[in-house]
Number of protein chains: 2
Amino acid sequence: MEETEKRVQAFFEACRVHGIRATPQRVEIYRELRNTEEHPDAETIYRRVRERMPVISLDTVYRTLRLFEEKEVISRVGALNERARFDGNMKPHHHFICKVCGYVGDVYCGAWNDLKPPKEVERLGRVHSVHVELRGVCKKCRSR
Amino acid sequence: MEETEKRVQAFFEACRVHGIRATPQRVEIYRELRNTEEHPDAETIYRRVRERMPVISLDTVYRTLRLFEEKEVISRVGALNERARFDGNMKPHHHFICKVCGYVGDVYCGAWNDLKPPKEVERLGRVHSVHVELRGVCKKCRSR
DNA sequence: GTCGCTGCAAATTATTTGCAGCGTA
DNA sequence: TACGCTGCAAATAATTTGCAGCGAC
């Protein structure tokens, strides 16, 4: 069995566990996402899936991605894109981000200020800065 | 001199270096951003600055933030929020993000898969995952 | 006077929602 | 039959843009 197809099997299993239906649309969206390393956006996934499955709508893609993310079957790159948040502190530091409310807290950790990227990264481009993101649930949201 | 005000002095200096005007609006936006650790969004900054400076518009705030970011006087939390990007790979890995085109590449680095957050982070909340983000310029954008 | 910066209003873009129909358990 | 899932169209929310006026060099 091909690698991607093994994953699709695991996907069916995950759907069973979460009690959601593995509809054709969802399977294709999942397959598309596993088939690429491009970290595509919703629109791109929509365009590609539609080539193989002409009857699918963009909002199904959005809805499905949101569902997958909620079930932790896929993840989102970078912060939860609610709205842009800014930071006036340009000293090296890191962030704790609450998955629930989006709260962002500063984390200082000297040891993390000079993490050395592995050499293979040169293949991708030149690194200007290294930044650690901790994701979790903040105190306030935990106590609710 | 108070800490924030020292920073505002540095801000004037930075404006001189970059050849942009340190208008009252810009000074207030910068001051607001340095005065808080909340990593506010544009709307929040707008609301707060307006209390002290009634004549300012939301788009000036947006424009100013964009300008500051470009000049590297401030930074943005998380990825450049163009649009949401998704990742079907749930194995622990890290990301290289191109500042110019938004390209996202996967980075595998065993040593980074179990970075231990400093104890003070418990003060903020419970950490579920640790993720390193490398920001830089990708090969394609460098050669242009 | 020139040119950068601003406010206003309108435009654009990404994402979400309400609703009716359809298909599967 | 019931209910989850879908497509469509309309709504919402964040951010950007065009334009005219104003003020600093």
Side-chain angles (χ1 to χ4, degrees), chain A residues 11-12 14-30 32-33 39-50 52-71 73-86 101-102 104, chain B residues 11-12 14-30 32-33 39-47 49-71 73-86 101-102 104:
Chain A
F11 172 69
F12 278 111
C15 286
R16 229 180 34 72
V17 171
H18 292 298
I20 61 175
R21 289 199 196 146
T23 66
Q25 288 92 332
R26 290 178 181 176
V27 174
E28 284 311 311
I29 291 169
Y30 184 75
E32 184 55 45
L33 212 40
H39 311 80
D41 56 55
E43 185 83 34
T44 303
I45 296 171
Y46 170 59
R47 242 179 305 110
R48 297 210 189 130
V49 168
R50 203 165 49 160
R52 285 175 275 134
M53 172 181 273
V55 186
I56 186 170
S57 77
L58 180 56
D59 32 52
T60 295
V61 175
Y62 273 109
R63 263 189 292 232
T64 302
L65 291 171
R66 228 184 323 152
L67 179 70
F68 286 176
E69 196 188 355
E70 210 177 287
K71 301 298 184 190
V73 171
I74 66 167
S75 67
R76 190 181 285 244
V77 175
L80 331 92
N81 282 60
E82 351 129 86
R83 42 184 100 170
R85 284 163 158 273
F86 299 88
C101 68
V104 179
Chain B
F11 172 69
F12 278 111
C15 285
R16 229 179 35 73
V17 171
H18 292 298
I20 60 175
R21 287 197 197 149
T23 65
Q25 288 91 333
R26 291 178 181 176
V27 174
E28 284 311 311
I29 291 169
Y30 184 76
E32 184 55 45
L33 211 42
H39 310 81
D41 56 55
E43 186 83 35
T44 304
I45 296 170
Y46 170 60
R47 242 179 304 110
V49 169
R50 204 167 45 163
E51 284 170 20
R52 284 174 278 135
M53 171 180 275
V55 186
I56 186 170
S57 76
L58 179 56
D59 32 53
T60 294
V61 174
Y62 273 109
R63 263 190 292 234
T64 302
L65 291 171
R66 226 181 328 147
L67 178 71
F68 285 177
E69 197 188 353
E70 210 178 286
K71 302 298 185 191
V73 170
I74 66 168
S75 68
R76 187 182 287 245
V77 175
L80 330 91
N81 283 60
E82 353 129 85
R83 41 184 100 171
R85 284 163 158 272
F86 300 89
C101 68
V104 179

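FYI, side chains are in, hydrogens and waters are out, and symmetry mates aren't considered; it's all heavy atoms of this structure. Letters A, B, ... are given to chains in the order of the sequence lines, protein chains preceding strands, and every chain is numbered from 1.
Residue B/Thr64 places its side chain closer to C/dT6 than to any other of C/dT15, D/dT15, C/dT6. Out of C/dT16, C/dC5, D/dG7, the shortest distance to the side chain of A/Val55 is found at D/dG7.
Along DNA chain D, the nucleotide closest to B/Asp41 and the one closest to B/Arg21 are compared, and the more 5′ of them pairs with B/Asp41. For B/Ser57 and B/Phe86, each mapped to the nucleotide of DNA chain C holding its nearest heavy atom, the one lying further toward the 5' end belongs to B/Ser57.
Atoms CE (A/Met53) and P (D/dG7) sit 9 Å apart, rounded to a whole Å. One interatomic measurement links the two molecules: CD of A/Gln25 to C1' of D/dG4, which rounds to 12 Å at whole-angstrom precision. Rounding to whole angstrom units, CG of residue B/Leu58 and P of D/dT17 are separated by 14 Å. Between A/Leu67 atom CG and C/dT17 atom C1' the separation is 16 Å, expressed in whole Å. Rounded to a whole Å, the CD1 atom of A/Ile56 is 19 Å from the P atom of C/dC22. Protein atom OH of A/Tyr62 is 16 Å distant from nucleotide atom C1' of D/dC8, rounded to whole Å. Residue B/Glu70 contributes atom CD, which lies 11 Å from atom P of C/dC5 at whole-angstrom precision. For the pair A/Leu65 CG and D/dC5 P, the computed distance is 15 Å after rounding to whole Å.
Taking 4.0 angstrom as the limit, A/Thr60 places none of its side-chain polar atoms (N or O) nearer than this to OP1 or OP2 of D/dC5. Phosphate contact (OP1/OP2 of D/dG4, side-chain N/O of A/Thr23, threshold under 4.0 Å): absent. One finds no side-chain N or O of B/Arg83 lying less than 4.0 angstrom from the OP1 or OP2 phosphate oxygen of D/dA14. For the pair A/Arg66 and D/dC5, the criterion of a side-chain N or O lying under 4.0 Å from OP1 or OP2 is not met.
Side-chain N/O atoms of B/Tyr30 and B/Arg26 include no donor and acceptor closer than 3.5 Å.
Residue contacts shown for B/Arg63 include a base, since a base heavy atom lies under 4.0 Å away. As judged by a 4.0 angstrom heavy-atom cut-off over every strand, B/Glu43 is placed among residues making no nucleic acid contact. Within 4.0 Å of B/Asp59, counting heavy atoms only, lies at least one base atom of the nucleic acid.
Among residues two or more places apart in sequence or in another chain, the side chain to side chain donor-acceptor pair (under 3.5 Å) test is passed with A/Tyr62 by none.
Under a 3.5 Å cut-off, the side chain of B/Thr44 and the backbone N or O of B/Pro40 do not form any donor-acceptor pair. Under a 3.5 Å cut-off, the side chain of A/His39 and the backbone N or O of B/Val104 do form a donor-acceptor pair.
The CZ atom of A/Arg47 lies 10.0 Å from the CG atom of A/Leu58; values are rounded to the nearest 0.5 Å.
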